[in-house]
Amino acid sequence: MSKEHPARAAGPPGRPALPLEAEQEIMDMLSANMRISSGEIAAILKKHGVSGDMDALQDSYRKRLGQRLMASIRDESGKREVLARGSEYIVVECCADRQALKAIRQRIQSQMNGLDDSAGKVRCRIRVLDHLLSRFRKAG
């Protein structure tokens with residue numbers, strides 16, 4: 001974070017600490033248009049002086065590249081061979097640690113549940129739009 005705009009107190013887990021003015025501007029744009037691009041978000045954050053430590057950004061970049069490499073390691077059928085447990089990568093076929101495998105399975109299941117919930121929300125919205133569209137076609 002910029003020294004010019006210190007982060008506010010930590011909120012809920014997973015929620016980034018941003019200058020209140022930047023967060024409000026992002027939320028206002030989202031509310032007004034019901035969408036916002038990542039480029040627009042970046043421009044607002046830049047305008048409000050939000051920046052990170054260069055060493056931390058480089059480390060984050062390197063970790064992301066490493067994660068992509070690990071994710072690209074797949075078997076003949078295209079299934080991932082290496083999965084993460086925290087910050088450690090494990091070759092699943094060679095792992096004899098039941099707790100590690102259970103933790104990996106639990107993380108994947110949690111991600112699947114979250115995606116199922118999101119897909120359900122989108123599915124419901126599509127049904128609403130389809131219903132409205134069919135009513136307009138009948139009326140027109």
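- Linking ILVMFWY side-chain heavy atoms closer than 4.5 Å, directly or via other members, places Val92 and Ile73 in two distinct hydrophobic clusters.
- Closest of all the heavy-atom pairs between Ala22 and Ile44 is O-CG2, 3.8 Å.
- Residue Met34 qualifies as enclosed at atom CE: its count of foreign heavy atoms under 6.0 Å is above 12.
- Atom CD of Glu93 and atom CG of Asp75 lie 7.5 Å apart (nearest 0.5 Å).
- When all heavy atoms of Gln99 and Asp97 are compared, the pair lying nearest together is N-OD1, 3.0 Å.
- The closest donor-acceptor contact from the side chain of Glu88 to the backbone of Arg85 lies at 3.5 Å or more, if one exists at all.
- For the atom pair CG (Asp130) and CZ (Arg125), the distance works out to 10.5 Å, reported to the nearest 0.5 Å.
- Here the straight-line distance linking atom CD of Glu21 with atom CD of Gln24 works out to 9.5 Å at 0.5 Å rounding.
- Taking 4.5 Å as the limit, some side-chain heavy atom of Ile26 sits within range of a side-chain heavy atom of Leu45.
- Under a hydrophobic clustering in which Ile, Leu, Val, Met, Phe, Trp and Tyr are joined whenever their side-chain heavy atoms come within less than 4.5 Å, directly or via other members, Leu69 and Tyr89 fall into the same cluster.
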CA sep, side-chain torsions, deciding dist, call: Arg62, Asp59, salt bridge (charged side-chain N to carboxylate O under 4.0 Å, His left out): CA-CA 5 Å; Arg62 291 176 185 120; Asp59 283 346; 3.6 Å; yes

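- In this structure, CG on Asn113 lies 12.0 Å from CD1 on Ile108, to the nearest 0.5 angstrom.
- Side chain of Ser60 to main chain of Ala56: no donor-acceptor pair is present (N/O by atom type, distance under 3.5 Å, no hydrogens or angles).
- Residues Leu101 and Leu83 are members of one and the same hydrophobic cluster, defined by side-chain heavy-atom contacts under 4.5 angstrom among Ile, Leu, Val, Met, Phe, Trp and Tyr.
- To the nearest 0.5 Å, the span separating CD on Gln58 from CE on Met54 amounts to 6.5 Å.
- Taking CD of Gln109 as the reference point, atom CZ of Arg105 lies at 8.5 Å (rounded to 0.5 Å).
- By the criterion of side-chain heavy atoms lying less than 4.5 angstrom apart, applied directly or through intervening Ile, Leu, Val, Met, Phe, Trp or Tyr residues, Val50 is not grouped with Leu57; the two fall into different hydrophobic clusters.
- Side-chain atoms of Ser118 come within 3.5 Å of backbone N or O of Gly114 as a donor-acceptor pair.
- For the residue pair Glu81 and Arg74, the shortest heavy atom distance occurs at CG-C, 3.6 Å.
- In this structure, Met70 is not a member of the same hydrophobic cluster as Ile104, with clusters built from ILVMFWY side-chain heavy atoms closer than 4.5 Å.
- Counting only heavy atoms from C-beta outward, the side chains of Arg127 and Arg123 approach each other to under 4.5 Å.
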